[in-house]
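Working notes, beginning with the structure itself.
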Amino acid sequence: MNIIKRLVLFFILLLTSIIHGQTCDFRILGIVKDLHDGEPIFGAVVEIKGTDFYGQTNKEGYFELTGICEGSVQIIVSHIQCNPVERSLTIESDVELSFALEHHINELEEIILIENGITQVNTSVSESQMNADQLARMSNQSLAETLNVLPGVSALKTGNSIAKPMIHGLYGSRVAIIANGMRLQDQEWGADHAPNIDLNGFESVQVVKGAAALKYGGDASGGMIVLSPQRIRLKDSLYGNTILNGVDNGKGGGLSSRLTKSYDNGFYFSGQLATKYFGDRQAPDYFLTNTALKESSLGFTFGRSRILKGWQLKYTRFQNETGILRSAHIGNIQDLLRAVESEIPLRVEPFDYAIEAPKQQALHQSLQASYFNQISDQSLIRIDYNYQINSRKEFDVRRANRSELPAIDLTLQTHDFLGSIKWRNGFDWEFEWGLNGLLQDNFSNPETGVKRLIPDYLKYQIGSFITGNYKPSNIFNWEWGLRFDKVFMDAQKFYDTEDWIERGYNLMYSDYEQKNFGTQLLVNPKLNFLNISAQTGIAIRLSDSDKTTLSYILTQRAPNVSELFSDGLHHSLATIEYGNLTLDKETSHKVLLGFKKENTRLSFGIDSYLNSVSNFIYIEPTGVEQTTRGAFPVWSYNSTKVFMWGWDVFGEIQFAQDLEYTFNAAYTYAQDLTKNEPLILVPPFAFNQQMAYTFSKKNIEILLSHRFTGTQNRFPDTNFSVNLIESGTIIQKQLDVSTPPTGYHNLDIYFSLPLTNQTSFKSTIRLIVLNLTNTTYNDYLNRLRYYAAEIGRSVQLQLVLKY
Amino acid sequence: MHIASILILTTVFSCTKTDPELVDEQELITSVILTFTSDGEEDQQVRWTTQLNENPTITLNSNSEYEVAVSFLDESDPTDVEDITTEVKMEADEHQVFFEFSGVPIEFGQAVSDVLDTNQNPLYINSLWSTSSPGSGAVRVYLIHEPIQKNSSDRNGFGGETDVEVDFSILVKD
């Protein structure tokens, strides 16, 4: 299908580029209507591609273009709420046309769509996309693992099932996840917290490599992940899909199903359900004891959508329970040394579905109300309100049956409001202004019997943004935006009175002191930050196939709760982590330069970037603390100046109609300029390539995927020495926790066999083998890499039904 | 839209939080106490706490036998000292006390009053130490949680997670 689309597009481009030198006094008259109820649409823009002829429909939906030359033209009709429709015709006389616009992707004849139907979030900032078909293949994986195949995107993992997306080497609070137009609020600050979201509820994913979409926030210096649900068809129909997965590794699988009922009058109901169930995963040589996973999600959407206005109510619920490798729960650095020195995990038990401590439980619920209305032919308002409640429990191996009592028990509630107005000034200028208000309340349950890692806090944020787009012609486009955010944090935390004094906080922050409990001190820090973020960029079409983009993004981020207040012991890393109350906001300047060449047979692109960050907040080893578990390395949050650069390249070669090759590669360089050493946990060089062959007769597809992850040679030395008693004498041993594992190759294969291919019912059966060669390897970005190898070969059978 | 923003602002500013409760830490061990008893000698109690700047010293006589009792305390709140030893004894199957000596030749074994787990393995919560020649050195006291096995002559053999690892200096007098 893709190939045909491209060929048609190419053909049209060829036609339009033929220059005719004859009469130019023809008229094009026309009307634009709503496809469903036939109501006229006002404010639709009608243009002739490649020229400066523009027109706009009036209240009755009519438009007129005059002075049109004889020959072939391509007309594009676009509207804020719709996908543009294109039609090509030959002008020999005056023409009358009628267009019918619709929200959703439609594959009617004569209508050609933008590829994949996904419009870029920012035209001047590079972006990677994944469509529904690519997502379906990965439907068994987590968000971060799925995105791992995109250039410049990697996954920061804690074991096998906990993964956080990383963009250009940055993660956590520096990466915003936008689901259904609102930001996901789920304790994103923790390196071992996976985003509480299931990709199966979404139709497309876009990764914007910078905080360019200021509407959603100005603090995500790494980038933004935009997840969009399926568009609603505005006609009487019932449709959905079901994906069924079975996997041998972990003896589990998943089921995901979506169903939408829509009506001619714009009303629709939609429901979504997904579940995953796995036992212990298996590395090539052993079981990964206690890595079972249970996950379920569901969602309901109800609304009415028409071209000019609409509303929606949406509820989603996500729940999971994840076992953490039992061997990764250790008591002190001597235990860590023992684990590092052992070839295999220290605890390997037979396969089991049970999830014991250490484990994590998360429950995330979201309720969202949205409304949009085109209030005039030039402007549109959109309002979103979203309430999210996230509860997270972490269980450690404890004494006296307390393993069933969570050691961390957090409830995070967020009210988020986003209102914006979009308007157009003539055909060249487009603006959007909006307000964003957020209230967040974190409650840390004291019943855990363990000192709070994160304190109770209230966070208020009020922000306002304005963005603009100037597009004087089809070859040039200028984007800009500005955003202000006021962030106020009101936390209540117990400090060890000794620590409070030792760090000099008693002198600096004596007015925060609230109540003295002897050895403990209740403190009420009230912190204020004013953040400014900005973006400006240009996109230039150099020729029909070549496009270049240049963009500058300024982001400011207030330190997160973990960076400010973190206080506790990390059982899997044998470290004590301390927050830092003196931290100031982090400022990043990122410049992105992109070039893209798109031809039918060959496409190629490169995105390069520079990122200079002042006050970069990071955690570093700062000493040793004497505890009853021996000497413990202490890691504290601090700030430094960081310089990063990197590039992503990607390409596609169509060797023949049935043979397609795609590749991408990424490199990131990050240096701490104060200490003059590399930054920790920076993704090593990665190269992905895929070869897909489609047997023309039955559409059977074989896709071979290869990933090479290089060895990260740039890392800081965070090693420390352990003192041991061996046969009656004390010896010192160096514990190497910093040297990254050597690079590895990973081979996956996908066989797809379409069973039925009717418009109303499509079904595909797929055999997927991940880690085909059953290679034993460790990944630098897996924080539990000291304890066990990554998952071995896994054979998966997948059934995809679309109806 | 204005109404909506006002609504949000009111909810935001009318919100107050109650003061958080102090967490009652249940698993903390802040002190390790060794009590030495030997016939004809006065009982000796040596205490390791996080507050100390150097390791406390145990003074023993050469060629003697001592019964050594280990206890673990949570003294984070001086007004409410908790004895964790009872919990350890009750969960003898999941725990192991162990000693490693350096610099001084001291042998240890189970004391008559020791606690045994369900497989009759000694917990070493009460142990018997035998000194030989005089000298000075150190002892490392371990409390191991969920050891992989219960019979080992060195710390590594037990596996499991270290709940306690503290050092005492030893002086064996002539």
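So that the names make sense, note that chain A is the first sequence line, chain B the second, and so on, each numbered from 1. Because the structure is a prediction, the values reported are computed rather than measured.
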Exercise for review: Look up atom CZ in B/Arg47 and atom CG in B/Leu52, then write down how far apart they are to the nearest 0.5 Å.
Suggested key: 9.5 Å

Check your understanding: Between B/Glu161 and A/Arg347, is the closest basic N to carboxylate O distance under 4.0 Å?
Key -> yes

Check your understanding: Would you say the side chains of A/Thr414 and A/Asp416 form a donor-acceptor pair under 3.5 Å?
Key -> no

Review point. Does any heavy atom of chain B fall under 4.5 Å from the side chain of A/Thr519, the backbone, both, or neither of them?
Key: side chain

Practice item. Flag the one option from B/Glu91, B/Glu94, B/Met90 with the top tally of heavy-atom pairs under 4.5 Å to chain A. Key: B/Glu91

Practice item. Measure distances from A/Tyr457 to the heavy atoms of chain B and classify the residue's part below 4.5 Å as side chain, backbone, both or neither. Key: backbone

Review point. By a 4.5 Å heavy-atom criterion (distance strictly below it), what part of B/Glu87 contacts chain A: side chain, backbone, both, or neither?
Key: side chain

Review point. Using a heavy-atom distance cut-off of less than 4.5 Å, which residues of residues 163-174 of chain B contact chain A?
Key: B/Asp163, B/Val164, B/Glu165, B/Val166

Study note, to complete from the structure: Applying a strict 4.5 Å limit to non-hydrogen atoms, the region of B/Asp19 in contact with chain A is both

Check your understanding: If you draw a 6.0 Å radius around CG in B/Asp39, do more than 12 non-hydrogen atoms from other residues or ligands fall strictly inside?
Key -> no

Review point. Are side-chain N/O atoms of B/Glu67 and B/Ser113 paired as donor and acceptor at under 3.5 Å?
Key: yes

**Study point:** Part of B/Ile144 lying under 4.5 Å from any heavy atom of chain A
**Key:** neither

Review point. Of all heavy-atom pairs between A/Asn386 and A/Gln368, which one has the smallest distance, and what is that distance?
Key: ND2-CB, 3.9 Å

Review point. How about A/Phe720 and A/Phe632: are their ring centres within less than 6.0 Å of each other?
Key: no

Check your understanding: Should the pair A/His415 and A/Tyr387 be assigned to parallel (<30°), tilted (30 to 60°) or perpendicular (>60°) ring geometry?
Key -> tilted

**Study point:** Heavy-atom contacts under 4.5 Å, residues 147-156 of chain B to chain A
**Key:** B/Ile148, B/Arg155, B/Asn156

Check your understanding: Only one of A/Asp456, A/Ile454, A/Thr448, A/Val450 clears side chain to side chain contact (heavy atoms under 4.5 Å, CB included) with A/Arg452; which?
Key -> A/Asp456

Review point. Checking side chain to side chain contact (heavy atoms under 4.5 Å, CB included) for the pair A/Val397/A/Arg326: CA distance, chi angles, key distance, verdict?
Key: CA-CA 9 Å; A/Val397 178; A/Arg326 180 61 182 87; 3.7 Å; yes

Exercise for review: Identify which part of A/Gln492 has an atom lying under 4.5 Å from any heavy atom of chain B, answering side chain, backbone, both or neither.
Suggested key: both

Check your understanding: Using a distance-only test with no angle check, is there a side-chain donor-acceptor pair under 3.5 angstrom linking B/Tyr124 and B/Gln96?
Key -> no

Revision key, fill the gap. Turns out that what part of A/Asn723 lies under 4.5 Å from chain B's heavy atoms comes down to both

**Study point:** Engaged part of A/Leu522 at the chain B interface, taking heavy atoms whose separation is under 4.5 Å
**Key:** side chain

Check your understanding: So what's closer than 4.5 Å to chain B heavy atoms on A/Glu726: side chain, backbone, both or neither?
Key -> neither

Check your understanding: Of the non-hydrogen atoms in A/Gln334 and A/Val722, which two are nearest, and what is the gap between them?
Key -> CA-CG1, 4.2 Å

Check your understanding: Should we count CD of A/Gln732 as having more than 12 external heavy atoms under 6.0 Å?
Key -> yes

Study note, to complete from the structure: Interface check, chain B: of A/Gly728, A/Gly331, A/Ser327, A/Gly449, most non-hydrogen pairs under 4.5 Å belong to A/Gly449

Review point. Should A/Glu341 and A/Lys733 count as an ion pair when the cut-off is N to O under 4.0 Å?
Key: yes

Point to revise | Heavy-atom neighbours of B/Glu41 CD exceed 12 at 6.0 Å | key: yes

Point to revise | B/Thr79 versus chain A, the contacting section by heavy-atom distance below 4.5 Å | key: neither

Exercise for review: Assess whether atom NZ of A/Lys309 is packed by more than 12 heavy atoms of other residues, nucleotides or ligands within 6.0 Å.
Suggested key: no

Review point. Any side-chain donor paired with an acceptor under 3.5 Å for A/Asn290 and A/Glu356?
Key: no

Practice item. Would you mind checking which part of A/Gln514 comes under 4.5 Å of any heavy atom in chain B, side chain (CB onward), backbone (N, CA, C, O), both or neither? Key: side chain

Practice item. Check whether B/Tyr142 gets within reach of chain A through its side chain, its backbone, both or neither, counting any heavy atom under 4.5 Å. Key: side chain

Point to revise | For chain B, the option from A/Thr627, A/Asn524, A/Ile725 that forms the most heavy-atom pairs under 4.5 Å | key: A/Ile725

